[in-house]
> 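Let me give you the structure first, and then I'll get to my questions.
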There are 2 protein chains.
Amino acid sequence: MAGTYQLNQHPARPTARPIPIVLGLPVPEPCGSCGVRHMSLCHAVEDKDLARLVDLATTDTIRPGRVFIQEHDPAIEFFNVTSGTARLFKLLPDGRRQITGFAGPGHFLGLAVGPSYSFSAEAVDDMKVCRFPRPKMVRLLHDFPAVEHRLLEVAAGELAAAQEQMLLLGRKTARERVASFLLARAAPPIPCGPTETRLHLPMSRSDIADYLGLTIETVSRTLTRLKADRLIELHGPSEVELLDTCQLNAIAGAEFAV
Amino acid sequence: MAGTYQLNQHPARPTARPIPIVLGLPVPEPCGSCGVRHMSLCHAVEDKDLARLVDLATTDTIRPGRVFIQEHDPAIEFFNVTSGTARLFKLLPDGRRQITGFAGPGHFLGLAVGPSYSFSAEAVDDMKVCRFPRPKMVRLLHDFPAVEHRLLEVAAGELAAAQEQMLLLGRKTARERVASFLLARAAPPIPCGPTETRLHLPMSRSDIADYLGLTIETVSRTLTRLKADRLIELHGPSEVELLDTCQLNAIAGAEFAV
DNA sequence: TGGGGAAATTGATCCATCTCAAGGCAGGAA
DNA sequence: TTCCTGCCTTGAGATGGATCAATTTCCCCA
């Protein structure tokens, strides 16, 4: 349980480079195929080396609700999310669930410590992923230290996010948790100010509850209260508009709120 | 918030190699000096290369209560704990604290993503640490991919531990949290059975409470109840004896309890 | 366009944990 | 030794969020 790791100045999750338009020519675009352009690993390698990375991958679509990573199963694959969202979670023997995160486009997952996965992953909505066989991935990481370096940066970012989530789960009130969640969904982070921001929440109330350590009812009531306080507006269950990010930041407990 | 990362079959936190006794000769023992032998990084490098690692380090002792890493401060150093224990924590503006982990001998910390630390660290008891200047460390990681590889393994282990802690904070009862905490302190993990295990807890009730997302009083009451149920014995506030690890595992919600 | 089932909201009550408060104990200073 | 201070334990009462229980809304599909 030690700290996070700093390696250089790159942001943890840079926005993916746009796929270059190649004027209709069928030029090999290794980073573009299989959505690899969207992997943050991508810009760690030169294009000629990336071709090898792409060769490893097979694409796959996943229907909502399908569990594609099962905790304790042998970790034989590594996934890159191309589109859609997955929920990552752990279960207690009696069925209580904690969602440890949501993985959207660009996220990669499945490289566990030890021989088996330490969490399960299930599609929230329709997903597209690339699958990489583990042994090949391990060899590739060995051959390209730059990729491994990038992976360490990403892991360090995840670790910082995990610590932030521990603070939320251990010490924040329901109102603070929901405010934090909404602001975190608005990437890039909105510091403060009356910017109108509209969010789409692909996950259900049940998912949000299990992510925030609350119940469905508390999440719903808290959203209703935030609406009554004119901090947010609800356009159906999965569209949220942030009306006062300044106040929301203050509620969320952001260090640099006002 | 994506998953954890698997790179090979090594355990996440191997027990440190013993420092070889060199029969009193003042032979250079690079891995041994500055407690580097206790770094899990150590066995990733050959001894001649380790000499360079050791050259970077300066040793330091830290008094109980001293904050030696401050959240948001520029991350200019990297620490390796040689002896003693540190608490790693994050604060909310109003002073609420979440301890995200305890770092004992062999743990290294401080390599944050981005330019500043994402958490604070404070000595629980008397500590000895090695300090590594960040720029030199970055260069060293670049020169020795094996060290970086090892660091990624460690980070992956931390990430799995963080997910486990999220499950605890989000979904476990006070009794389950305390049982989980006690079992986790007993490294290596005790699966089940009536083994008599004695634990030393260097941290205060307040630390335990802030680590488990509870109050001091609840921690104390819960320990008292576990004692009344003959699952543990208390020999003073900081000595705990586990009487029935089997049942404790079941309470903690271990997947493979009985 | 309307019907049906799942998801979300809302309400009433309960309870695990927090809060407030009062001792108890152990270790250090004089 | 005795006081003193800080931590820990124990008790009594308060409460935020959980639980139980209806509706209501959404949205998919005929």
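A quick note: this is a predicted structure, and the numbers were derived from the prediction, not measured. Every chain is numbered from 1, with letters handed out A, B, ... down the list of sequences.
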> I would like to know whether A:E176 and B:R96 meet salt bridge (Lys or Arg N to Asp or Glu O under 4.0 Å); could you show each step before the answer?
CA-CA 13 Å; A:E176 291 164 350; B:R96 278 172 289 171; 2.8 Å; yes
> In terms of the nearest nucleotide of DNA chain C, which residue is placed more toward the 5' end: A:L234 or A:R171?
A:L234
> Let me know the distance between CG of A:L223 and C1' of D:dT25, rounded to the nearest Å.
15 Å
> What's the shortest heavy-atom distance between A:L183 and A:A252, and which atoms?
CD1-CB, 3.9 Å
> May I ask you to check whether B:K90 and B:T100 show a side-chain donor-acceptor distance below 3.5 Å?
no
> Take the protein atom CZ of B:R96 and the nucleotide atom P of C:dC18, then report the distance between them rounded to whole Å.
13 Å
> With a non-hydrogen cut-off below 4.0 angstrom, is A:T215 in contact with a base, only sugar-phosphate, or nothing?
base
> Taking all heavy atoms of A:A121 and all of A:L109, pick out the closest pair and write down the distance.
CB-CD1, 4.2 Å
> Is the closest side-chain heavy-atom distance between B:Q163 and A:Q165 below 4.5 Å?
no
> Given that B:S206 and A:G236 both sit by DNA chain D, which one's nearest nucleotide is further toward the 5' end?
B:S206
> Can you pull out how bent the helix from C:dT1-D:dA30 to C:dA30-D:dT1 is, comparing the axes over its first five and last five pairs, to 10°?
40°
> Please produce a list of atom pairs where a protein N or O lies less than 3.5 Å from an N or O of nucleotides 20-24 of chain C.
unit_1: C:dC20; atom_1: N4; unit_2: B:E217; atom_2: OE2; d: 2.9

> Can you tell me which nucleotide in C:dT9, C:dC18, D:dT9 comes closest to the side chain of B:L214?
C:dC18
> Output the single nucleotide from D:dC8, D:dG17, C:dC18 whose closest atom is nearest the side chain of B:T218.
C:dC18
> Would a line drawn from the ring center of A:F119 to the ring center of A:F89 be shorter than 6.0 Å?
no
> So does A:R225 have more than 12 non-hydrogen atoms from other groups sitting under 6.0 Å from CZ?
no
> Would you mind reading off the distance between A:L169 atom CG and C:dT17 atom C1', rounded to a whole angstrom?
17 Å
> Return the value, rounded to whole Å, for the distance between atom CD1 of B:I208 and atom P of D:dC7.
14 Å
> In whole angstrom, what separates A:I216's CD1 from C:dA6's P?
14 Å
> Is A:R205 paired with A:D210 through a side-chain N to carboxylate O contact shorter than 4.0 Å?
no
> Provide the closest heavy-atom pair for B:L167 versus A:L91 in the form atom of the first, atom of the second, distance.
CD2-O, 4.4 Å
> Got a sec, which residues hit ring-ring contact (aromatic ring centres under 6.0 Å, His included) with B:F79, two or more places apart in sequence or on another chain?
B:F68
> Rounded to the Å, how far apart are A:R225 CZ and D:dG16 C1'?
10 Å
> For D:dC8, does OP1 or OP2 lie under 4.0 Å from any side-chain N or O of B:S220?
no
> Give the rounded distance in Å between these two atoms: CZ of A:R205 and P of D:dT24.
19 Å
> If I take atom NE2 in residue B:H235 and atom C1' in nucleotide C:dC25, what distance separates them, rounded to the nearest angstrom?
17 Å
> Should A:T224 be listed as having a side-chain N or O under 4.0 Å from OP1 or OP2 of C:dT10?
yes
